[in-house]
Each structure stands twice: as structure tokens, then as C-alpha cells.
Protein chains: 2
Amino acid sequence: MRLVIARCSVDYAGRLSAHLPIATRLLMLKADGSLLVHSDGGSYKPLNWMSPPCTLSTVEPDAEQLDAGITEIWRVTQAKTADMLVVSIYEVLHDSAHELGIDPGLQKDGVEAHLQKLLAEQIHLLGDGHTLVRREYMTAIGPVDILARDAAGAAVAVELKRRGDIDGVEQLTRYLELMNRDPHLAPVTGVFAAQEIKPQARTLAEDRGIRCLVLDYDAMRGLDDGESRLF
Amino acid sequence: MRLVIARCSVDYAGRLSAHLPIATRLLMLKADGSLLVHSDGGSYKPLNWMSPPCTLSTVEPDAEQLDAGITEIWRVTQAKTADMLVVSIYEVLHDSAHELGIDPGLQKDGVEAHLQKLLAEQIHLLGDGHTLVRREYMTAIGPVDILARDAAGAAVAVELKRRGDIDGVEQLTRYLELMNRDPHLAPVTGVFAAQEIKPQARTLAEDRGIRCLVLDYDAMRGLDDGESRLF
DNA sequence: GTCTACATATCGATT
DNA sequence: AATCGATGTGTAGAC
């Protein structure tokens, strides 16, 4: 990895056109040839970048560019998409290279999978007398997150999301339409369960007779698991 | 901005739990206190990070951690969400600080806005005899990208996407349902236009009587505009 | 390989 | 401030 701090301007042409006026920035050159242009603030997203696979070539500035104070030009191109990034460097303030090796990668514990497991174990949260049929109940158009039965024995299809958005309601609606055509299952009611349900999504769901259930993730996972080992 | 190359392991606890085993990585500390952990490959997304506003504090390793070879511990916390990132440093290979100043920011020309403008100008792409009524035609549930009339004078609602996904079809469906209840407009037909339409989305759209239109962005914008100035 | 769903998404426009 | 839609989305899993 090569790290360069430089006063530079940047131009990108590809799926859109973008320009960065002259300023001091970090240029991060990764081992796979990709380039990231970072400022000293904002989120993890670079101001501009080029994704691998791509190739960097340095271009000699012409007389006009030299007059403008440009000492070096980097041209990064991606063969497949014809995207191109051009960095015009006015002054290099730092330049260092480092050997990092291959990264073992991130190990993560997901949220939706964990939520699904917890809700399956705590199926009473759907209401008194509910019983679990199965998780990932398969239908022709995809798996329903949880299938349960209510106290009266009627089928209940549960769609789970971390954030309950309008497309989650649409998804559950499609499942319900399909399942209600199956005489072995019908009538099937729907429950839209999420840590947080957007007002628009709630309105749409309730308008369609779908029950909304807000889940308290922290309460469900309790206080004694691996999640809290850092604190 | 402070740049540190170090052998380290990283733990994150917040909306999920994640762990990075020991390896050599770049730690980027931005002026706003945010921290990015980058490997020497992959995309522009860091392996792990903490978004601003957050605060970094260094913690003294205890005896057990010193035995394990840890020389320094960084603890980055976000006050509002209680997210926490812990970096355990085994060896520092590089450490430098740089003054970057505030970035003037990115100037970009969007894609969907540009596509919409081009399609409005080239409304014949919808079919012979089509005329533009207006862009961003307002309805109770939001603006329809383009409203036009076909050769017979019937209303045509166009939903425009760069990538035609299933939720674009759902969105257009909601607009069509609403608009077809308006006697001044009905009957309204739908056109789902995108640079690329996913098969599932196409199937759903055609099943609902919505016409699909694949747009050639390059052909629409021609070859003589600012897009090509870099080449 | 393609395609679909999810994300510690981030980001801007608009209400 | 909250919400919605787009993103040069990226990324992992299923088929």
C-alpha cells in the first residue's frame, strides 16, 4: 500500500462525471491497483475512487499543465467499464509504501439471521398461544422468514426486517397472496416484524390487514451473551 | 489526519458484532475523530470503521494483554448509538500526521436526473407520436418521473431507473393504481424505463401490463458532450 | 456464472 | 429532525 498526501485535483468520467477542485488530500494506492481519494472528514466513503481491477499509469504533464503548476498526472483506468480517474498532482507532501499482506477478513454476526433465531425461540412474542411451524418456510416465490400458527391454529406468516420499510410490506403481501391460494394453508394472516417500522410502511401494512410488531432486539437477546463482551 | 500502519486486531460491537484477527492494516484517523481500518485490497469500503461524531481514547493494556503482546489499545465510541470499536495494537510500523484542511467537496453530474432530461427531450423513444406532458408530475403519493401522452392521446406514466429492479415496478404500480382512479387521467398505462432491467422485474411488470423499455444512455447523450472531455 | 436481498450502508432533497 | 429515494452503491448467498 502506498500512501501519498498531495495537493491535487481529480476528475472522474464513467457512469457519471465528477470533479474535485484543488486541495490537499490522501491518495491511497492499494496492492490490487485500486485508488482511493480521501479528505480529512466525512464518512468512510472516499471523495472519489477507482475499484479493482484497474491500472495506474503516470502521464507527463504537457507545457500548459506544467505552467499551471502540475508536476505529475496519474491516470487510473478500468479495462472493463472504460471508467477513468485522472489525478493532477501539484505538490507531494508525503509519500510512503508499506507491505501489509493479505487480510484474514472480517468475521461478523448478522442481525436479521440473529433476530429470526431469537423470534423463533420466543414465538410467544407474536401473541399468546402461538406455535412455531418453521423458519424459512419455502414458497414458489421464495422463503417466508417464519411460519407459525395462532392459538386457533390458523397460519401466520412473519416477515422480519431490521428496519421495516415499504418494500418489506410489499414482499409479505406477495407471499400472503400466494399462500392464501393454497387450500392447505388458507387463511393466512401476516405479521410484519422489525426493530423499527417506518410510518409509511405501518400505514400500508395495516391498510392491508397486516399486523405490525416492533421488536426490542436488546431485550430479546438478553444481557448475558457474547454481544456484551467488550463492555 | 493521522496515518498508522500497525499489526492489530479489531473488535466492533454495535448494531452487530464483528472481529478482525491480527494482521497488518492501515488505521486512518480523521480530523473529526472518525477511524477507518483498511486492508491492502478490496473495495473502497473499510474492513471496519467508526463514523463521526465519535471520540478516541487510549487505554493501558492490562497484564494479560501485555503478555499477549498488545502495546496499545484504542477505544473509539459513539456517544449517541453506544457503538464501540476497540483496536488492539501489537506493533506500530508507521505513524505520521498531516494537515489537510477542509475539502471543497465533490461536484457531480448525476445519472437519473440526466436520463430523465434526455428522455423528456427524446420522448419519441416511448413510441411514435408520443408527446411530453411534464417531468416530475405530482401525485398524492409523490412525483411520477415523466407523464406523456401516446399517439391516441392516452396518458402514459414513466418510471425511470438506472437499474430496473422489482421495487421500481412496485413504485410504478402504486402510481398507476392512484392515477387510474382520477377520471381526468384514466386510463393511464405504465412504462418502466431503465438502462438495465432485471428479469424478475420484467416478468412482474409485464404481468401487470406495464411496458418495459431499455434505454441506451450512451446513444441518448450522443458523443459530443462534456462526458468525453477526459479522453 | 447470474441474480436477489441485505447493509454498522452513505448521501442528498424534501417535508 | 425525520423520511424517502438514489448510489459509480458494495457484498454475500442462492440458484
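In what follows, chains are A, B, ... by sequence order, proteins preceding strands, each numbered from 1.
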Are OP1 or OP2 of [N] and a side-chain N or O of [X] less than 4.0 angstrom apart?
X	N	result
B:Trp49	C:dT10	yes
B:Ser51	C:dT10	yes
B:Lys161	D:dA6	yes

Whole angstrom value for the distance that separates [atom2] of [N] from [atom1] of [X]:
X	N	atom1	atom2	result
B:Glu170	C:dA5	CD	P	11 Å
B:Arg202	C:dC3	CZ	C1'	15 Å
B:Gln195	D:dA6	CD	P	14 Å
A:Tyr175	C:dT4	OH	C1'	10 Å

Open item on the list: If I compare all heavy atoms of A:Leu100 with all of B:Ile5, which pair ends up nearest, and what's the gap?
Closed with: CD1-CG2, 4.1 Å

Open item on the list: Could you work out, with salt bridge (charged side-chain N to carboxylate O under 4.0 Å, His left out) as the rule, every residue matching B:Asp40, not counting sequence neighbours?
Closed with: none

Open item on the list: Heavy atoms only, 4.0 Å cut-off, all strands: where does A:Met50 land among base, sugar-phosphate and nothing?
Closed with: base

- [ ] May I ask you to check whether over 12 heavy atoms, not counting those of B:Glu99, lie within 6.0 Å of atom CD?
- [x] no

Open item on the list: I want to check something: taking the side chain as every heavy atom from C-beta on, are B:Ile166 and B:Lys198 in contact at a cut-off of under 4.5 Å?
Closed with: no

Open item on the list: Measuring only between side-chain heavy atoms, which start at C-beta, is A:Arg211 closer than 4.5 Å to A:Thr189?
Closed with: no

TODO: On DNA chain D, check which nucleotide each of B:Arg162 and B:Glu159 is closest to and give me the residue with the more 5' one.
DONE: B:Glu159

Open item on the list: Judged by each residue's nearest nucleotide on DNA chain D, which is more toward the 5′ side, B:Arg163 or B:Arg174?
Closed with: B:Arg174

TODO: Check side chain to side chain donor-acceptor pair (under 3.5 Å) between B:Lys30 and all other residues, then give those that pass, not counting sequence neighbours.
DONE: A:His38

TODO: For DNA chain D, just give me the dot-bracket, please: Watson-Crick or G-U, both distances below 3.5 Å, ( ) intra-strand, [ ] crossing earlier pairs, | paired with another strand, . unpaired.
DONE: |||||||.|||||||

